[in-house]
Number of protein chains: 2
Amino acid sequence: MSVEARRDVFQAIADPTRRQIINLIAYQSMNLNAIAENFSISRPAVSQHIKILMECGIVLVRQEGRERYCEAKLDTLKEVSNWVDQYRQFWNTQFDSLDHYLNRIQNNNQSDQ
Amino acid sequence: MSVEARRDVFQAIADPTRRQIINLIAYQSMNLNAIAENFSISRPAVSQHIKILMECGIVLVRQEGRERYCEAKLDTLKEVSNWVDQYRQFWNTQFDSLDHYLNRIQNNNQSDQ
DNA sequence: ATTATATGTAAGCAAATACTTACGCAAATT
DNA sequence: AATTTGCGTAAGTATTTGCTTACATATAAT
């Protein structure tokens with residue numbers, strides 16, 4: 001976390017702690033200490049996770065006095081949703097691309113699994 | 001990649017190369033060399049990515065002679081889809097959780113919808 | 001039988017990741 | 001004014017990641 005990396009929403013949600021943070025603040029904004037209370041890791045660790053979530057736009061932080069309220073901007077997850085959705089047809093239909101392919105190149109009978 | 005890690009679909013799709021591999025084989029099964037041809041990284045590097053995708057069930061490999069055909073099992077992505085979908089209401093409605101929260105604890109007039 | 005092809009895997013490495021503790025600072029409280 | 005609270009950030013570290021090259025092995029082609 002030393003060098004600044006170009007954050008990506010896919011990478012941001014890869015970490016289970018960050019997904020938990022997202023879940024925690026999805027329903028209600030919380031300040032950083034309140035978030036950190038829900039985890040066994042240290043407050044700075046949570047702070048760093050929040051920073052990553054900010055950098056890819058999932059979390060928006062608004063300062064209120066000395067507190068910083070973390071708000072989830074979940075429309076950022078649209079990018080993930082859109083990516084997954086393009087493959088929805090592949091699990092909705094029973095289309096088996098390998099079987100399809102193999103049937104094309106060889107007409108031998110294949111045992112069902 | 002030395003020690004075996006407990007693979008997770010969120011972590012698997014975090015890597016852009018792996019997302020490209022998924023996209024490549026979603027429409028047609030391909031053997032490993034054919035996949036590797038589409039990338040500038042080495043064949044072993046692709047092999048390792050495939051291994052990760054296998055370990056979390058996104059890719060299924062079937063041996064055909066000396067070739068290994070990689071088939072995408074995209075229903076594994078349901079897990080991602082389900083996770084994202086639980087937050088869909090938060091970007092479909094105009095609900096601003098921070099404003100909501102602040103209005104509750106500071107003022108008493110909640111005139112918004 | 002020899003060679004070419006398709007692939008896995010090990011070893012090594014630089015960079016990234018996820019944490020920790022220590023510290024600093026501004027805002028609130030006393 | 002002094003202290004407490006909320007937080008960022010730096011430095012250090014162990015582990016993981018993503019890659020490379022080198023090598024091993026099984027199958028296919030010659």
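Proteins get letters first, then strands, A, B, ... in listed order; numbering begins at 1 in each.
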- Message: Using every non-hydrogen atom in the two residues, find where B/Leu77 and A/Trp91 come nearest and quote the distance to one decimal.
- Response: CB-CZ3, 3.9 Å
- Minimal heavy-atom distance between A/Ala14 and B/Ala14, with the atoms involved, is CB-CB, 3.6 Å
Main chain of [Y], side chain of [X]: is a donor-acceptor contact present, judged purely on distance under 3.5 Å?
| X | Y | value |
| --- | --- | --- |
| A/Arg68 | A/Val61 | no |
| B/Glu55 | B/Gly57 | no |
| A/Gln86 | A/Trp83 | yes |
| B/Arg18 | B/Ala12 | yes |

Whole-Å distance separating the [atom1] atom of [X] from the [atom2] atom of [N]:
| X | N | atom1 | atom2 | result |
| --- | --- | --- | --- | --- |
| A/Asn31 | C/dA28 | CG | C1' | 14 Å |
| A/Ile41 | C/dT20 | CD1 | P | 6 Å |
| A/Phe39 | C/dC19 | CZ | P | 10 Å |
| B/Phe10 | D/dT17 | CZ | C1' | 20 Å |
| A/Ile52 | C/dA16 | CD1 | P | 13 Å |
| B/His49 | D/dT16 | NE2 | C1' | 14 Å |
| A/Asn33 | C/dA28 | CG | P | 15 Å |
| A/Gln11 | D/dT17 | CD | P | 12 Å |

- Message: Checking A/Glu71 against A/Tyr69: is there a side-chain donor and acceptor pair closer than 3.5 Å?
- Response: no
- Per nearest nucleotide of DNA chain C, the residue lying toward the 5' end, B/Glu67 or A/Pro16, is B/Glu67
- Report the C-alpha distance between B/Tyr27 and A/Phe90 in whole Å, list the side-chain angles of each, state the deciding distance to 0.1 Å, and finish with yes or no for ring-ring contact (aromatic ring centres under 6.0 Å, His included). CA-CA 9 Å; B/Tyr27 309 98; A/Phe90 294 106; 5.3 Å; yes
Which pairs, protein N/O on one side and nucleotides 27-30 of chain D N/O on the other, fall under 3.5 Å?
unit_1	atom_1	unit_2	atom_2	d
D/dT27	O2	B/Arg66	NH1	3.1
D/dA28	O4'	B/Arg66	NH1	3.3

- Sequence neighbours excluded, the answer for side chain to side chain contact (heavy atoms under 4.5 Å, CB included) partners of A/Ala36 is A/Arg43, A/Val46
Provide a list of protein-nucleic acid N or O atom pairs under 3.5 angstrom, restricted to nucleotides 8-10 of chain D.
unit_1	atom_1	unit_2	atom_2	d
D/dG8	OP1	A/Arg68	NE	2.6
D/dG8	OP1	A/Arg68	NH2	3.3
D/dG8	OP2	A/Ser47	OG	2.5
D/dG8	N7	A/Arg43	NH1	3.1
D/dG8	O6	A/Arg43	NH2	2.7

